[in-house]
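Start at 1 and go down the list; that is how both ligands and their atoms are numbered. Any value given below was found using the heavy atoms of this structure, including those in side chains, with hydrogens, waters and symmetry copies removed.
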Amino acid sequence: MDASVIAKLMRLNQAFTPGAPVNNADLFAGRLTQMHRIFTATGQRGFHVVLFGERGVGKTSLANVASRTFQQHGQIVARVTCDAGDTFTSVWRKALREITFNSQRTPAGFANPSEHLTTPLSEYLPAVANPDDVRRLLEAAARERPVIVVLDEFDRIQDRQSATLISDTIKALSDYGVNATVLIIGVADSVEQLIEGHQSIERALVQIPMPRMSSDEIRQILDKGSQVLGINFNIQAQERIIELAQGVPFVAHLLGLHSSDAALRAGSEVVNAGYVRLGIEASLDQWHESIKRDYYAATKSHQPGNIYREVLLACALAELDELGCFTPVAVREPLSQILNRDIDIANFAQHLKAFCEPDRGPVFVRDGQHRRWRYRFVSPLMRPYVVMRGYVDGLRADGSSEEERQERSGKLDL
Ligand SMILES: Nc1ncnc2c1ncn2[C@@H]1O[C@H](COP(=O)(O)OP(=O)(O)O)[C@@H](O)[C@H]1O
Ligand SMILES: [Mg+2]
């Protein structure tokens with residue numbers, strides 16, 4: 001293996017980072033609309049921001065890159081990752097620890113020079129704080145420079161009363177026109193789900209939903225990663241990764257990483273669909289453990305000839321409506337292809353029902369009414385996992401493309 005390939009292999013983990021949010025503007029892809037909305041909202045006094053969406057869509061990465069920009073523009077940024085045990089006071093203690101207050105002290109004695117003191121604001125917070133304590137401290141800090149407080153993983157705070165007090169704090173900051181912006185980030189379908197007492201602060205909140213990435217944004221992740229590495233993804237490889245990632249940047253990083261790895265190990269600087277195929281297997285190994293466990297629980301059965309895996313795969317391949325849901329009708333065709341015979345809804349209705357129950361997950365949430373049920377995958381990471389497992393386990397015998405058949409029969413030049 002030549003030295004340039006070895007150097008590239010060593011840079012892989014800088015180019016693709018499935019395990020960590022992006023921290024560096026050079027690797028940050030797309031998201032211009034959301035970034036613009038954050039900057040507009042924080043520029044206006046009295047407004048605060050809620051950024052919400054599915055797990056793994058890139059909320060923390062967006063906040064990281066936005067925070068850097070704020071700091072470069074001289075603003076004070078305090079960042080907190082909330083956890084299950086947090087209370088109102090502990091959240092603000094963490095945030096205010098990152099903001100310092102400068103003062104001067106002249107010691108007794110004529111000849112002694114005065115000392116500069118830098119104290120974290122958290123030192124001024126009472127043992128049990130209330131919204132007004134926080135408002136006053138932030139007001140003092142924001143006199144010099146605008147302050148941004150990022151509260152990430154807000155959905156993890158369990159104590160409802162603490163969450164309500166945080167809403168009260170936002171209201172107080174807004175009412176007093178304090179030059180500080182709170183940016184709340186969390187996993188949720190809506191602001192109502194994320195923020196306790198949101199009605200009282202609705203007018204002060206700018207809501208930014210974080211959608212899945214577009215195909216273009218996923219392509220940018222591959223472009224940026226391949227630039228760092230000095231390799232190329234050919235068109236087929238790009239299309240395959242875009243299709244499999246389903247708008248989830250985590251999956252794009254994982255496949256980007258493992259397919260480049262496969263290509264480089266084979267001495268190639270061009271990643272083609274064959275290397276993506278090899279990358280899929282390695283990606284499945286590195287998938288979140290919880291999803292692997294859920295897949296096993298959803299598809300386990302002692303009955304020979306059971307079709308849980310096949311039905312789940314057909315659901316993952318079914319066409320989605322604009323809300324990300326599928327209907328049993330949409331499952332019929334992919335399942336007929338997978339099983340290579342005509343299938344009726346009655347053949348898999350029980351399976352769909354079982355996937356909505358705790359014993360097998362639940363993998364789906366069900367919406368609508370009898371005979372008009374619509375289903376949605378609970379986790380955004382399950383659907384791509386199921387599709388890739390389908391490839392690797394050879395379940396998609398007839399659903400595969402000509403290229404894949406050639407690949408399997410060894411005709412495609414890797
Ligand atoms: N804009 C982006 N450009 C490139 N990679 C991204 C982007 N947003 C997210 N990612 C990648 O996607 C994965 C999940 O991102 P993260 O910010 O942790 O999501 P969330 O906070 O929504 O759970 C990480 O691997 C991260 O590197
Ligand atoms: Mg996050």
Self-check item: Short N-O contact, D223 and R219, less than 4.0 angstrom
Solution: no

Exercise. Carefully, step by step, assess R383 and L320 under the rule side-chain contact (heavy atoms from CB on, under 4.5 Å).
Key: CA-CA 12 Å; R383 207 169 144 247; L320 302 180; 3.4 Å; yes

Quiz item: Between F355 and F348, does the ring centroid distance fall short of 6.0 Å?
Solution: no

Exercise. Give, for atom CE of M35 and atom OG1 of T69, the distance between the pair rounded to the nearest 0.5 Å.
Key: 5.5 Å

Quiz item: Any salt bridge between E281 and R277, counting N to O under 4.0 Å?
Solution: yes

Quiz item: Hey, what do you get for CE (M382) to CZ (F364), rounding to the nearest 0.5 Å?
Solution: 8.5 Å

Quiz item: What protein N/O/S atoms are found closer than 2.8 Å to the Mg ion (ligand 2)?
Solution: T60 OG1

For residues 303-315, which side-chain N or O atoms pair as donor and acceptor with protein atoms under 3.5 Å away, sequence neighbours left out?
from, atom 1, to, atom 2, distance (Å)
N306, OD1, Y308, N, 3.2
N306, ND2, Q303, O, 2.9
R309, NH1, D393, OD2, 3.3

Quiz item: Taking atom types as modelled and ignoring hydrogens, do the side chains of D152 and T60 form a donor-acceptor contact shorter than 3.5 angstrom?
Solution: yes

Identify all side-chain donor-acceptor contacts of residues 117-129 below 3.5 Å with residues at least two apart in sequence or on another chain.
from, atom 1, to, atom 2, distance (Å)
T118, OG1, N102, OD1, 3.4

Mind listing the N or O contacts between ligand 1 and protein, cut-off under 3.5 Å?
from, atom 1, to, atom 2, distance (Å)
ligand 1, 1 (N), A29, N, 3.4
ligand 1, 1 (N), A29, O, 2.8
ligand 1, 3 (N), A29, N, 2.8
ligand 1, 5 (N), H253, NE2, 2.8
ligand 1, 17 (O), T60, N, 3.4
ligand 1, 17 (O), S61, N, 2.8
ligand 1, 17 (O), S61, OG, 2.6
ligand 1, 19 (O), G58, N, 3.0
ligand 1, 21 (O), T60, N, 2.9
ligand 1, 21 (O), T60, OG1, 2.8
ligand 1, 22 (O), V57, N, 3.3
ligand 1, 22 (O), G58, N, 2.9
ligand 1, 22 (O), K59, N, 2.8
ligand 1, 22 (O), K59, NZ, 2.7
ligand 1, 23 (O), G56, N, 2.7
ligand 1, 25 (O), T17, O, 2.7
ligand 1, 25 (O), P18, O, 3.3
ligand 1, 25 (O), A20, O, 3.4
ligand 1, 27 (O), T17, O, 3.4
ligand 1, 27 (O), T17, OG1, 3.3
ligand 1, 27 (O), A20, O, 2.8

